[in-house]
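Structure record follows, encoded as structure tokens.
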Amino acid sequence: MKDKLKSFIENKYTSNFILLIIIFNSILLGLMTYPAVMAKCAQLLTVSCAVCVIIFTIEILIKLYVYGKNFFKDGWNNFDFILVAISWIPTGGAFSSFRAFRVLRALRALRLITRLQKLRIIVQAIIESIPNVGWASLLLLLIFYIFSIMGTTMFSEAFPDFFGTIGKSMYSLFQIMTLESWSMGIARPVIAVFPFAWLYFVSFILTSSFIVMNVIVGVVVNAIGELSEQNRKEQELKNIQNSTNLEVELNKLKEQISIVESLLKTGFRE
């Protein structure tokens with residue numbers, strides 16, 4: 001029974017079916033945010049979501065039965081298990097006032113990550129890049145602090161809303177780093193009063209946006225490349241092992257055929 005269930009749950013068609021159910025459930029969760037749609041189809045959407053959760057639960061239960069304790073050795077399985085468990089948190093009746101419980105339903109869409117290998121690689125790369133990204137973030141924070149002191153010292157009297165304190169300066173610099181309305185909103189008014197201020201803003205943008213942020217992106221991209229190469233090698237090794245196992249089985253089969261042939265020849269001679 002375990003072998004049959006394992007073959008079923010690992011089947012390509014089963015995986016694709018679960019993927020379609022995840023996408024379908026994500027669409028349903030989006031539709032349930034529209035009051036007009038809920039007024040007409042609330043019961044249908046609720047029942048459909050419940051069916052999706054039941055399918056997810058059956059899938060997890062089958063995996064728990066097939067893999068046993070080994071199920072929890074895979075981090076992605078644990079992630080799936082938590083998301084499905086969250087789906088069973090009650091959101092109606094006495095719990096209807098807890099909006100946070102209903103918000104948690106949206107987390108089911110995250111199951112797409114566990115189903116799509118490319119997404120898993122990206123998420124895993126981001127997680128593994130956290131230490132290096134942390135150092136790059138520390139460098140960025142140091143740059144923010146230095147430029148905040150400079151901005152507060154130079155522009156605080158004329159522009160207290162932007163550079164009145166270290167905190168306000170850091171917030172203004174964050175807006176500048178994101179390139180959101182930095183020119184007309186902050187830089188040009190300051191430059192109109194302090195003509196030399198363009199050096200301050202241009203040097204900060206070059207340092208923060210074009211250098212430090214590219215370092216962070218580079219770290220993550222490098223991690224993605226390493227993980228992709230690692231997965232490729234693991235897949236090649238797995239294919240080689242499967243080929244080796246197939247050869248072994250074929251050799252055993254040949255030996256058994258040879259034994260049967262020899263027994264048949266002996267029988268015919270007798």
Side-chain angles (χ1 to χ4, degrees), residues 1-128 220-221 223-224 227-228 230-232 234-235 238:
M1 178 62 72
K2 276 190 177 183
D3 292 336
K4 290 181 179 179
L5 287 174
K6 184 177 181 180
S7 176
F8 169 76
I9 205 66
E10 292 180 353
N11 188 283
K12 179 180 68 175
Y13 298 105
T14 303
S15 297
N16 290 338
F17 172 74
I18 296 296
L19 177 60
L20 288 175
I21 295 298
I22 293 171
I23 295 173
F24 176 67
N25 184 237
S26 300
I27 294 172
L28 290 178
L29 292 172
L31 290 174
M32 293 175 74
T33 62
Y34 290 91
V37 176
M38 287 297 290
K40 295 180 179 179
C41 310
Q43 186 174 0
L44 176 61
L45 293 175
T46 303
V47 171
S48 299
C49 276
V51 171
C52 291
V53 172
I54 291 171
I55 292 173
F56 296 152
T57 305
I58 292 173
E59 179 205 6
I60 292 295
L61 291 175
I62 291 174
K63 285 185 175 181
L64 284 170
Y65 175 72
V66 170
Y67 301 117
K69 294 180 180 179
N70 292 328
F71 175 85
F72 294 102
K73 292 181 180 179
D74 188 336
W76 294 112
N77 284 342
N78 293 330
F79 186 66
D80 262 349
F81 181 84
I82 292 171
L83 291 179
V84 174
I86 287 173
S87 300
W88 284 100
I89 295 177
T91 58
F95 298 90
S96 59
S97 59
F98 294 92
R99 288 184 176 271
F101 289 171
R102 284 177 283 176
V103 169
L104 292 175
R105 296 180 304 184
L107 296 178
R108 295 177 208 162
L110 289 175
R111 292 202 69 204
L112 283 171
I113 296 174
T114 64
R115 287 289 160 182
L116 300 174
Q117 186 180 9
K118 296 297 183 181
L119 287 181
R120 290 203 306 267
I121 290 174
I122 292 174
V123 172
Q124 189 175 351
I126 292 173
I127 293 173
E128 293 187 2
V220 175
V221 170
I224 291 173
L227 284 173
S228 298
Q230 181 182 343
N231 286 344
R232 186 185 65 80
E234 288 178 354
Q235 188 62 40
K238 187 177 180 180

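The figures that follow rest on heavy atoms only: side chains count, while hydrogens, waters and symmetry mates do not.
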**Asked** Would Leu64 and Phe81 satisfy side-chain contact (heavy atoms from CB on, under 4.5 Å), going step by step from the backbone distance to the final call?
**Response** CA-CA 10 Å; Leu64 284 170; Phe81 181 84; 4.1 Å; yes
Hey, mind stepping through Thr57 and Leu61 against side-chain contact (heavy atoms from CB on, under 4.5 Å) and telling me if it holds?
-> CA-CA 6 Å; Thr57 305; Leu61 291 175; 4.1 Å; yes
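With rounding to the nearest 0.5 angstrom, the SG atom of Cys52 is 9.5 Å from the CD1 atom of Ile18. The CG atom of Leu45 sits 12.5 Å away from atom NZ of Lys40, with the distance rounded to the nearest 0.5 Å. Considering CZ of Phe24 and CG of Leu29, their distance stands at 10.5 Å, rounded to 0.5 Å. To the nearest 0.5 Å, the span separating NZ on Lys63 from NZ on Lys6 amounts to 12.5 Å.
For Phe72, the CZ atom is densely surrounded, since the number of other residues' heavy atoms within 6.0 Å is greater than 12.
Tyr34 pairs by the ring pair (Phe, Tyr, Trp, His ring centres under 6.0 Å) definition with nothing, not counting sequence neighbours. Residues meeting the ring pair (Phe, Tyr, Trp, His ring centres under 6.0 Å) test with Tyr67, sequence neighbours left out: none.
A donor-acceptor pair is defined here as one N or O able to donate and one able to accept, closer than 3.5 Å; such a pair exists between the side chain of Thr33 and the backbone of Gly30. In this structure, Thr14 contributes its side chain and Ile9 its backbone to no donor-acceptor pair below 3.5 Å.
Of the options Ile21, Ile22, Ile60, Asn25, a side-chain contact (heavy atoms from CB on, under 4.5 Å) to Ile55 is made by Ile21 and by none of the others. Under the side-chain contact (heavy atoms from CB on, under 4.5 Å) test applied with Cys49, the options Leu28, Leu31, Leu44 reduce to a single match, Leu28.
Val66 places none of its side-chain heavy atoms less than 4.5 Å from the side chain of Phe71. Within the 4.5 Å cutoff, the side chain of Phe56 has no heavy atoms near those of the Leu83 side chain. Ile58 has its side chain within reach of Ile54: a pair of non-hydrogen atoms, C-beta onward, lies under 4.5 Å apart. Between Val37 and Met32, every side-chain heavy-atom pair lies at or beyond the 4.5 Å cut-off.
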